[in-house]
Amino acid sequence: MAGQADLTPAGSVGEEPLAVRLGGLCLPNPIIAASGTFGFGPEYAPFVRLSRLGAVAVKGVSLDPWPGNPPPRVWETPAGLLNSIGLQNPGVEVFCRDDLPFLRQAGTRVVVNIIGKTVEEYARVAERLEREAGIDALEVNISCPNVKEGGIAFGQDPEHAALVTRAVRAVTDRPLIVKLSPNVSDPVAIAQAVAEAGADILSAINTVVGMAIDLERLRPALGAVTGGLSGPAIKPIALRIVYEVSQAVGIPVIGIGGIETAEDVLEFLVAGASAVMVGTVTFRHPRRMEEIIEALPALLRRHGFRSVNEAVGAAWPGRSGGGR
Amino acid sequence: MAGQADLTPAGSVGEEPLAVRLGGLCLPNPIIAASGTFGFGPEYAPFVRLSRLGAVAVKGVSLDPWPGNPPPRVWETPAGLLNSIGLQNPGVEVFCRDDLPFLRQAGTRVVVNIIGKTVEEYARVAERLEREAGIDALEVNISCPNVKEGGIAFGQDPEHAALVTRAVRAVTDRPLIVKLSPNVSDPVAIAQAVAEAGADILSAINTVVGMAIDLERLRPALGAVTGGLSGPAIKPIALRIVYEVSQAVGIPVIGIGGIETAEDVLEFLVAGASAVMVGTVTFRHPRRMEEIIEALPALLRRHGFRSVNEAVGAAWPGRSGGGR
Amino acid sequence: MGPKALEVVIARRELVAPEHVELYFSHPALKEAVPGQFAHIATVGTLRRPISFSRIGEAGEAAVLFRVVGRGTAWLAERREGEVLDLLAPLGRGYPPPDPGRPWCLVGGGVGIPPLYAALGKWGRGMQSMATVILGARTAAAVLMADDFRALGVEPTITTDDGSLGERGTVLGPLRRWWQTHPEGQVYACGPTPMLAAIARLKSPGGRLYLGMEQRMGCGVGACLACVVPAAGAAMPPWRRVCSDGPVFAAEELRLD
Amino acid sequence: MGPKALEVVIARRELVAPEHVELYFSHPALKEAVPGQFAHIATVGTLRRPISFSRIGEAGEAAVLFRVVGRGTAWLAERREGEVLDLLAPLGRGYPPPDPGRPWCLVGGGVGIPPLYAALGKWGRGMQSMATVILGARTAAAVLMADDFRALGVEPTITTDDGSLGERGTVLGPLRRWWQTHPEGQVYACGPTPMLAAIARLKSPGGRLYLGMEQRMGCGVGACLACVVPAAGAAMPPWRRVCSDGPVFAAEELRLD
Ligand SMILES: Cc1cc2nc3c(=O)[nH]c(=O)nc-3n(C[C@H](O)[C@H](O)[C@H](O)COP(=O)(O)OP(=O)(O)OC[C@H]3O[C@@H](n4cnc5c(N)ncnc54)[C@H](O)[C@@H]3O)c2cc1C
Ligand SMILES: Cc1cc2nc3c(=O)[nH]c(=O)nc-3n(C[C@H](O)[C@H](O)[C@H](O)COP(=O)(O)OP(=O)(O)OC[C@H]3O[C@@H](n4cnc5c(N)ncnc54)[C@H](O)[C@@H]3O)c2cc1C
Ligand SMILES: Cc1cc2nc3c(=O)[nH]c(=O)nc-3n(C[C@H](O)[C@H](O)[C@H](O)COP(=O)(O)O)c2cc1C
Ligand SMILES: Cc1cc2nc3c(=O)[nH]c(=O)nc-3n(C[C@H](O)[C@H](O)[C@H](O)COP(=O)(O)O)c2cc1C
Ligand code: FES
Ligand code: FES
């Protein structure tokens, strides 16, 4: 609970009930568009007021362009979605030239999600972004395969995860988020390694590895065979990781996974998240993030909380369970 | 694919399209009631003809009685169920005295699921069961915490999993199933270790660790805080593990996780399962296993398969994708 | 005959109080249902919902009366006459037939009231003296089935937390007084667990007390061990299953603290 | 104006063929919809379903015509007049307005036919000569909108796989003949991807060919990169998005093997 004090900016209570401060990252509200589900910003602009969102996390950006996987790249599952986009992106240079300018003037907070296949690649993407204004935080996606070490994902091993974190930390003073993979035996060990290596904030969780069968073709449904499971199906998995990790580390945690309603957000907050990211539900309900932001103040009050900050970790052992 | 030859008993095709042979375990059909969801047999007897099922896997049995966890022990989640029963059971002695006699005369195949907190406990449960007739296979649940090694589950580490498997193998010649946990970084490594240690069959998957928040009480919903997620929500996770493990090991795999329909069963078969276990859906639809058994022959035919055995692994790379 | 998977047609639907609906149906398999037993009803979601019988007739007529608290009961409250319900029923162990010679008191809170009404309906006429009925609720509008009890010839004693009907307070006041005058009496209670625990603490040594318990359920038939409540004594495992050992327990069977 | 989140009321519902339903509605935001654009429709499940406009009127009247293939379209087929649909629309890049001086041929297979009807409805009258329409289907009952085309003054050439109506075979036969006599012609095609690939192989060098593509979609608005098809040339990443770069592409933009 060491991190708890950090999360409560003096005087914020009652004035800005939705405002949150995650280490050095200050947001008007805790609702962040999740990486990969919100493009680079303009795609959803016809439907969503970007300035209303707590922040926008862009699609993962790598040093060179990545092709991603062959289609089909999505498949519906019970209360969920499998995707195998494969981190397609045009590379950091094109991102800075074509996409950042729009984001800079959109009036929102910008989180750039970065990816790489070697430790050096991650660092070089971060380095390149240092030259750009209008970026509020970096989010390091450690679910990428480490090509130098036989392809095991960086996020599946505490040491690899720490290596990436240290390398990015060395080149940036921006708030540094590291995004945890759920596909591990011990998420807390990864979280602790990454926090020690200099992460300011954790986000959890990325998608859960899964697959589907297309019975029409009697083949794996996705072009890439396996994919990442998201949506309400994974909410219990995400809540458990947020609950355990947030108690084990002294830094704020952003909760992600299957959030569809303001109630879901409150569940993540009381489990220990200081903010949340919202992904898959946007595909069906582009305005849902704004609706959640609108509903949250009354919901907090109904449960006896005067602010988001008060709710954070209210379900932890030893906490009173809220203001009631 | 080495195991594939094993799975096709000569002459079975066309005669008994649903019959399967998993190593030494012969079943009239591939539908097995999953451990923990079907009690010790008599509970569902008013609703289900036990003799129609491929087999019944009983609730996990330990050396001494286990108390299990404080209630609440179940919680609904989107397309899923969290449970924290905590392996409550009366111990192997009471099981043999009170429960086995019913199962022996029920006309079904009996799989006894065994649990322990040390390697020795697993072995001693298996040893005790050697003295009893009417048991068709043992299923070793390696999701239990290893109390001697700081509580990490046996199933989360290849060496621990192999130790348990070897210890049980040493005391029984019965078909030996080892049930894999999905809560690991590398399920294939566990599967290979267990197969090498003498397992005849693998079953996959056990539940996925998760939790829920009760917003009324602002507390973890389950008495034990975390629990195991089952039901359709985890089907994509299970399919991926079955697909990868069945190709990596030379022994048959029983698929488990979110099966609700005959189509779900076929998905697991073509992904590489040689049989399946059906759990959570029974709570809502006690007759569903029988309905699946009734629907399966026509479904197999519609997809061009003359038998269950022909469908096994049809979606693997290099396979034709079935008889069409 | 035992429990069965049943499809029943809703013969009647009644809004009995705000947020409280009673659905009537009948099926020959329900002829032998015992008050205190329940139906495990398929609604929405992964699990069925357990609801006690509020009425049990001799020809298999039955009803369930429930409060809308979440998704499942909301769905159930929208069902209309002629629609089909999918039940597992009758499940569990109901109340034992009362000893006709002993004074009998039925104490119910909220949606714990309906199974007690079923008990009085089935056994009331066979008793040597009229039963005492004590009904508690948060507020007047939530007092259930008072007129049904009256139709059986009993004027219920009513308590409400807010004093909007009957005595202000809980059922504990009237029950304490009853037990003082009927120390050998038999009490059938049903309601929220804290209320039942408090009732158990009041029990007179010579009396009998049967409690209708609630717990979150999985299977409803005794297979999954979800629905446990703490057992009295040194039993190991130290639990009883509400769905199949109960829902009705003699107070001595449980640890209620 | 661009795409919007719309709630539209179903004004009319028609079963146009076995398993094929057309739903009519209108909304001012649809005034500017272009044939080939689509609506992303909330049904059941995690994702919306993309369906092309089958009709586009000048005052925002529109329709979608779809085949029931799974859960989402089954749900949609059960909607009735007066019910509300939740759309994101109009989405994507539709067909370009045809060159009025060039011969024009519309080639559709199955549920690829409706957007071509919308195209003829919008641009047919402005052409210097009557368009040629070639409609393919598995069997007679699945030939869609033939009478609608006739009402616009065009007698469609029909092919069926089983020969139950028109020429036996696929649209490729009539199209090959058309292109031989109209080598500079412009062809608007829509249908299953293998059919479109075959059509692209027939293309005469001097002609123009626009293809309405399908792919499994996530967002429908260009954000998720789910809906890609292979791009021609050396583009990196080597894909185009069906939802926002398409669904209509000039044949030269794609790699169709
Ligand atoms: C033996 C028994 C008899 C009951 N009889 C009645 C009755 O006659 N009338 C009545 O109104 N209610 C009764 N209940 C309570 C009733 O089961 C719940 O109100 C109902 O399950 C709520 O479902 P929901 O989907 O609306 O609520 P949700 O909160 O959305 O349900 C989520 C899950 O929790 C379970 N749950 C929620 N509340 C309870 C509860 N109090 N007890 C057990 N499980 C719960 C649900 O079954 C479901 O699995 C009884 C419960 C038990 C155990
Ligand atoms: C741009 C575009 C325009 C389309 N226009 C029409 C039309 O005018 N009329 C018509 O009948 N159909 C059209 N389709 C196909 C239509 O989208 C699918 O038939 C529909 O999504 C099937 O949904 P379902 O839930 O019934 O099927 P299910 O198979 O249960 O759907 C499961 C998932 O797969 C997706 N899916 C299934 N088939 C297709 C497909 N062929 N293309 C894309 N996604 C698919 C669904 O959207 C859903 O996400 C179009 C598709 C695209 C991409
Ligand atoms: C289509 C899709 C693409 C995604 N791409 C990325 C990505 O590029 N980088 C990343 O860190 N996470 C990515 N994610 C994961 C999401 O950011 C999020 O962690 C996950 O979807 C769980 O949240 P949800 O259930 O709200 O969708 C992607 C998810 C989806 C569905
Ligand atoms: C209530 C409950 C109790 C369970 N108990 C056991 C158990 O004792 N031993 C075991 O190996 N698996 C146990 N499981 C796991 C199931 O056997 C099965 O692996 C899992 O539920 C996934 O299948 P399903 O989605 O069909 O339920 C239990 C599952 C549930 C829901
Ligand atoms: S609900 Fe399964 S044992 Fe009671
Ligand atoms: S469907 Fe998301 S980019 Fe096309």
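In what follows, chains are A, B, ... by sequence order, proteins preceding strands, each numbered from 1.
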Can you tell which part of A/A271 gets under 4.5 Å to a heavy atom of chain B, answering side chain, backbone, both or neither?
-> both

Value rounded to 0.5 Å, distance of CH2 in A/W316 from CG in B/L218 = 14.5 Å

Heavy-atom proximity to chain B below 4.5 Å, by part of A/V242 | neither

Please check if atom CD in A/E294 has more than 12 non-hydrogen atoms from other residues, nucleotides or ligands closer than 6.0 Å.
-> yes

Listed by chain and number, what are the salt bridge (Lys or Arg N to Asp or Glu O under 4.0 Å) partners of A/R288, not counting sequence neighbours?
-> A/E291

Interface residues of residues 71-87 of chain B facing chain A - non-hydrogen atoms under 4.5 Å apart | B/T77, B/P78, B/A79, B/L82

What do the steps show when you test B/V209 against A/I237 for side chain to side chain contact (heavy atoms under 4.5 Å, CB included), and what is the final call?
-> CA-CA 6 Å; B/V209 185; A/I237 302 173; over 6 Å; no

Tell me, for A/E244 versus chain B, whether the close heavy atoms (under 4.5 Å) come from the side chain, the backbone, both or neither.
-> side chain

Should B/D264 and A/I213 be marked as a side chain to side chain contact (heavy atoms under 4.5 Å, CB included) after you check the CA-CA gap, both sets of side-chain angles, and the distance that decides it?
-> CA-CA 9 Å; B/D264 293 334; A/I213 294 287; over 6 Å; no

Residue selection (most heavy-atom pairs with chain A, distance under 4.5 Å) from B/G210, B/A233, B/S185 | B/S185

Roughly how far apart are B/H303 NE2 and A/E216 CD, rounded to 0.5 Å?
-> 6.5 Å

Rounded to the nearest 0.5 Å, how far does CE of B/M211 lie from CD of A/E267?
-> 9.5 Å

List the steps, then state whether side chain to side chain contact (heavy atoms under 4.5 Å, CB included) holds for B/L215 with A/L266.
-> CA-CA 8 Å; B/L215 278 189; A/L266 185 55; 3.9 Å; yes

Tell me, out of A/A212, A/A238, A/P220, A/G258, who's got the most heavy-atom pairs with chain B below 4.5 Å.
-> A/P220

A/V184, part contacting chain B, at a heavy-atom distance under 4.5 Å = both

B/R240 side chain to A/T226 main-chain N or O, any donor-acceptor pair under 3.5 Å?
-> no

Measure A/L239 against the heavy atoms of chain B and call it side chain, backbone, both or neither at under 4.5 Å.
-> both

